[in-house]
Engineer: 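Questions regarding the structure given below will be posed in turn.
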Amino acid sequence: MSTPALSGGGGLFTGFTRLCKGLAVVLISGHIVVQLFPPAVTYLALIPARTIPFAWNLLTAGYIEQTIYGVIISTIGLLLIGKLLEPIWGTKEFLKFIFVVNFLTSLCVFVTAIALYYATSEELYLYMPISGFYGVILGFLVGIKQILPDLELSLVSLLRIKAKWLPSLVLLLSIVASFFIAGSAAYLPTLIFGTYISWIYLRYLQRRPETSLKGDPSDEFALSSFFPDFLRPAIDPVASIFHRMLCGRPGTRNEAMGYVLGGTPLPGSDPIEASRRRERGARALEERLAAEMFSATRRPDEAEADALDKV
């Protein structure tokens, strides 16, 4: 099924969901708080040396943007991507995804900072305030990769990229930028863990309401799909190690989660069903874009009709 290219248009900045608007207010409010009251960063951002006893910063750090650029990027990303994912996943699942990815990403960053301190004895790793919503934004891109991998995005007039490459492209650009832009390396752990945690959640844990099964075992969403084709033979053996760590023996895990029964895949657990889910996601996107275009074209007509009535 073909998926339309997504570019700028009349409906790009309309149709935001109520939950996304509320979370955008939280991000903007958090930024205002830390600008007006700088000591609040100590209690709200993730500072590994103070996470104990301030353990709540594992939850709050993801919603605190310390820079104006960060709050703008996170807010726009939340609104634009959220209005695509939330109608497909449902509000409850969308909120659950944000909570899980945000918390586990902060936890992994905390553990990494402690490990780096013990490895280098640099106190910088203990006292640097770490915060931002960009780990969840990367998770959203992973969700788009899963549901709408063939969606074409027009970055500029002559450049189009399929959605399945967005997480990999953002990570690659972030790694390259860390060598040239001072301070940008501090964002890398959050970006990397946000991508990986979201993939683990969608791959193994997310429950599908239409099948009551968990995860997406399709080859199109394997860990190696984040890498170019020539690297996949080297990635697959490494990915299989992590798969066994998470799930035990493949056959045992599949049977326990209901992927197979007597050697036959259950509905919703094989690549065919995964393809159908992607088609449903693409169809939902097409319907949403069509509705927004229809709404945008109706407004001028209604205004003209009202003007004629007044005359």
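None of these values were measured; they are calculated from a predicted model.
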Engineer: To the nearest 0.5 Å, what is the distance between CG on Leu44 and CG on Leu59?
Structural biologist: 11.5 Å
Engineer: Any non-hydrogen side-chain atom of Glu86 less than 4.5 Å from a side-chain atom of Arg18?
Structural biologist: no
Engineer: In chain order, what residues pass the side chain to side chain donor-acceptor pair (under 3.5 Å) check against Thr75, with sequence neighbours excluded?
Structural biologist: none
Engineer: Does Asp216 form a side chain to side chain contact (heavy atoms under 4.5 Å, CB included) with Tyr204? I'd like the steps, not just the answer.
Structural biologist: CA-CA 7 Å; Asp216 182 353; Tyr204 298 107; over 6 Å; no
Engineer: Could you pull out all residues at least two apart from Thr112 that satisfy side chain to side chain donor-acceptor pair (under 3.5 Å)?
Structural biologist: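 Listed in chain order: nothing, the list is empty.
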Engineer: How far apart are the closest heavy atoms of Pro48 and Met128, and which atoms are they?
Structural biologist: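 The answer is CD-O, 4.0 Å.
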Engineer: Could you list the residues that satisfy side chain to side chain donor-acceptor pair (under 3.5 Å) with Ser106, not counting sequence neighbours?
Structural biologist: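 Applying side chain to side chain donor-acceptor pair (under 3.5 Å) to Ser106 gives none.
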Engineer: Using side-chain heavy atoms (C-beta onward) and a distance below 4.5 Å, is Cys108 in contact with Ile197?
Structural biologist: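 When only atoms from C-beta onward are counted, Ile197 and Cys108 do touch, with a gap below 4.5 Å.
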Engineer: Determine yes or no for a side-chain-to-main-chain donor-acceptor pair under 3.5 angstrom, with Ser198 supplying the side chain and Val142 the backbone.
Structural biologist: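 Not at all, since once roles are kept as given, no pair shorter than 3.5 Å links the two residues.
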Engineer: Indicate if Ile73 and Phe16 have the same hydrophobic cluster label, given that clusters are the connected sets of ILVMFWY residues with side-chain heavy-atom separations under 4.5 angstrom.
Structural biologist: no
Engineer: Check this for me: Ile52, atom CD1, are more than 12 non-hydrogen atoms of other residues, nucleotides or ligands nearer than 6.0 Å?
Structural biologist: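 Result for CD1/Ile52: open.
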Engineer: Quick one: CD1 on Ile47 to CG on Leu126, what's the gap to the nearest 0.5 Å?
Structural biologist: 11.0 Å
Engineer: Which pair of non-hydrogen atoms, one from Leu78 and one from Ala24, has the smallest distance, and what is that distance?
Structural biologist: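 Result for this residue pair: CD2-N, 3.5 Å.
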Engineer: If we only count heavy atoms from C-beta on, is the Leu171 to Thr195 side-chain gap below 4.5 Å?
Structural biologist: yes
Engineer: Specify the closest pair of heavy atoms between Ala163 and Ile144, including all atoms of both residues, with the distance to one decimal.
Structural biologist: CB-CG2, 3.4 Å
Engineer: To check you understand the geometry: which heavy-atom pair defines the closest contact between Pro129 and Ala45, and what is its length?
Structural biologist: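 Closest pair (atom of Pro129, atom of Ala45, distance): CB-CB, 4.1 Å.
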Engineer: Indicate the atoms forming the closest heavy-atom contact of Val33 with Ala40, along with that distance.
Structural biologist: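 Minimum heavy-atom separation between Val33 and Ala40: CG1-CB, 4.1 Å.
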Engineer: For side chain to side chain contact (heavy atoms under 4.5 Å, CB included), just list the numbers for Phe140 and Leu85, CA-CA rounded to whole Å, side-chain angles, deciding distance to a tenth of an Å, and then say yes or no.
Structural biologist: CA-CA 8 Å; Phe140 288 164; Leu85 290 179; 3.9 Å; yes
Engineer: Mind checking the NZ-CZ spacing from Lys214 to Arg203? Nearest 0.5 Å is all I need.
Structural biologist: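 Answer for the NZ-CZ pair, Lys214 versus Arg203, is 15.5 Å.
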Engineer: What residue pairs, at least two apart or across chains, pass side-chain hydrogen bond (donor to acceptor under 3.5 Å, both in side chains) with a residue in residues 58-71?
Structural biologist: Glu65-Ser74, Gln66-Ser131
Engineer: Give the C-alpha distance, both sets of side-chain angles, the deciding distance and a yes or no for side chain to side chain contact (heavy atoms under 4.5 Å, CB included) between Leu95 and Phe99.
Structural biologist: CA-CA 6 Å; Leu95 186 60; Phe99 176 83; 5.8 Å; no
Engineer: Is there a side chain to side chain contact (heavy atoms under 4.5 Å, CB included) between Asn57 and Thr42? Walk through the geometry before answering.
Structural biologist: CA-CA 9 Å; Asn57 61 33; Thr42 304; over 6 Å; no
Engineer: Could you note down all residue pairs passing ring pair (Phe, Tyr, Trp, His ring centres under 6.0 Å) where residues 21-48 supplies at least one of them, sequence neighbours left out?
Structural biologist: Tyr43-Phe54
Engineer: Under 4.5 Å side-chain heavy-atom separation, chaining through any Ile, Leu, Val, Met, Phe, Trp or Tyr, what else clusters with Val25? Say none if it is isolated.
Structural biologist: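 Its cluster mates, by chain and number: none.
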Engineer: With a 4.5 Å cut-off on side-chain heavy atoms, are Leu202 and Trp89 touching?
Structural biologist: yes
Engineer: Can you list every pair that meets ring pair (Phe, Tyr, Trp, His ring centres under 6.0 Å) and has a residue in residues 101-125, with sequence neighbours left out?
Structural biologist: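 Checked against ring pair (Phe, Tyr, Trp, His ring centres under 6.0 Å) - neighbours excluded - no pair reaches residues 101-125.
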Engineer: CD1/Ile81 to CG/Leu138 distance, rounded to the nearest 0.5 angstrom?
Structural biologist: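 Going from the CD1 atom of Ile81 to the CG atom of Leu138 covers 9.0 Å.
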Engineer: What residues form a ring pair (Phe, Tyr, Trp, His ring centres under 6.0 Å) with Phe193, not counting sequence neighbours?
Structural biologist: none
Engineer: Between atom CD of Gln146 and atom CH2 of Trp199, what is the distance when rounded to the nearest 0.5 Å?
Structural biologist: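 That separation rounds to 11.5 Å.
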Engineer: State plainly whether one hydrophobic cluster holds both Leu107 and Trp56, where clusters connect Ile, Leu, Val, Met, Phe, Trp and Tyr through side-chain heavy atoms under 4.5 angstrom apart.
Structural biologist: no
Engineer: What residues form a side chain to side chain donor-acceptor pair (under 3.5 Å) with Tyr201, not counting sequence neighbours?
Structural biologist: Glu93
Engineer: Output all residues satisfying salt bridge (Lys or Arg N to Asp or Glu O under 4.0 Å) with Arg232, sequence neighbours left out; order by chain, then residue number.
Structural biologist: Asp229
Engineer: In the structure I gave you, are the side-chain heavy atoms of Cys20 and Phe94 within less than 4.5 Å of one another anywhere?
Structural biologist: yes
Engineer: Keeping the roles fixed (side chain from Ser29, backbone from Val26), state whether a donor-acceptor pair exists under 3.5 Å.
Structural biologist: no
Engineer: Is the shortest heavy-atom distance from the side chain of Ile98 to the side chain of Phe133 under 4.5 Å?
Structural biologist: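 Ile98 vs Phe133: side chains touch.
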Engineer: With Lys162, which residues qualify under salt bridge (Lys or Arg N to Asp or Glu O under 4.0 Å), at least two apart?
Structural biologist: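 Checked Lys162 against salt bridge (Lys or Arg N to Asp or Glu O under 4.0 Å); matches are Asp150.
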Engineer: With a 4.5 Å heavy-atom cut-off, do Ile64 and Val34 have their side chains touching?
Structural biologist: yes
Engineer: Using side-chain heavy atoms (C-beta onward) and a distance below 4.5 Å, is Leu141 in contact with Val170?
Structural biologist: yes
Engineer: Which atom pairs, one a donor and one an acceptor, fall under 3.5 Å between side chains of residues 221-228 and the rest of the protein, sequence neighbours left out?
Structural biologist:
residue, atom, partner, partner atom, Å
Ser224, OG, Asp236, OD1, 2.9
Ser225, OG, Lys145, NZ, 3.3
Ser225, OG, Glu220, O, 3.4
Ser225, OG, Ala222, O, 2.5

Engineer: How many angstroms lie between atom OG1 of Thr105 and atom CD1 of Ile130, to the nearest 0.5 angstrom?
Structural biologist: 12.0 Å
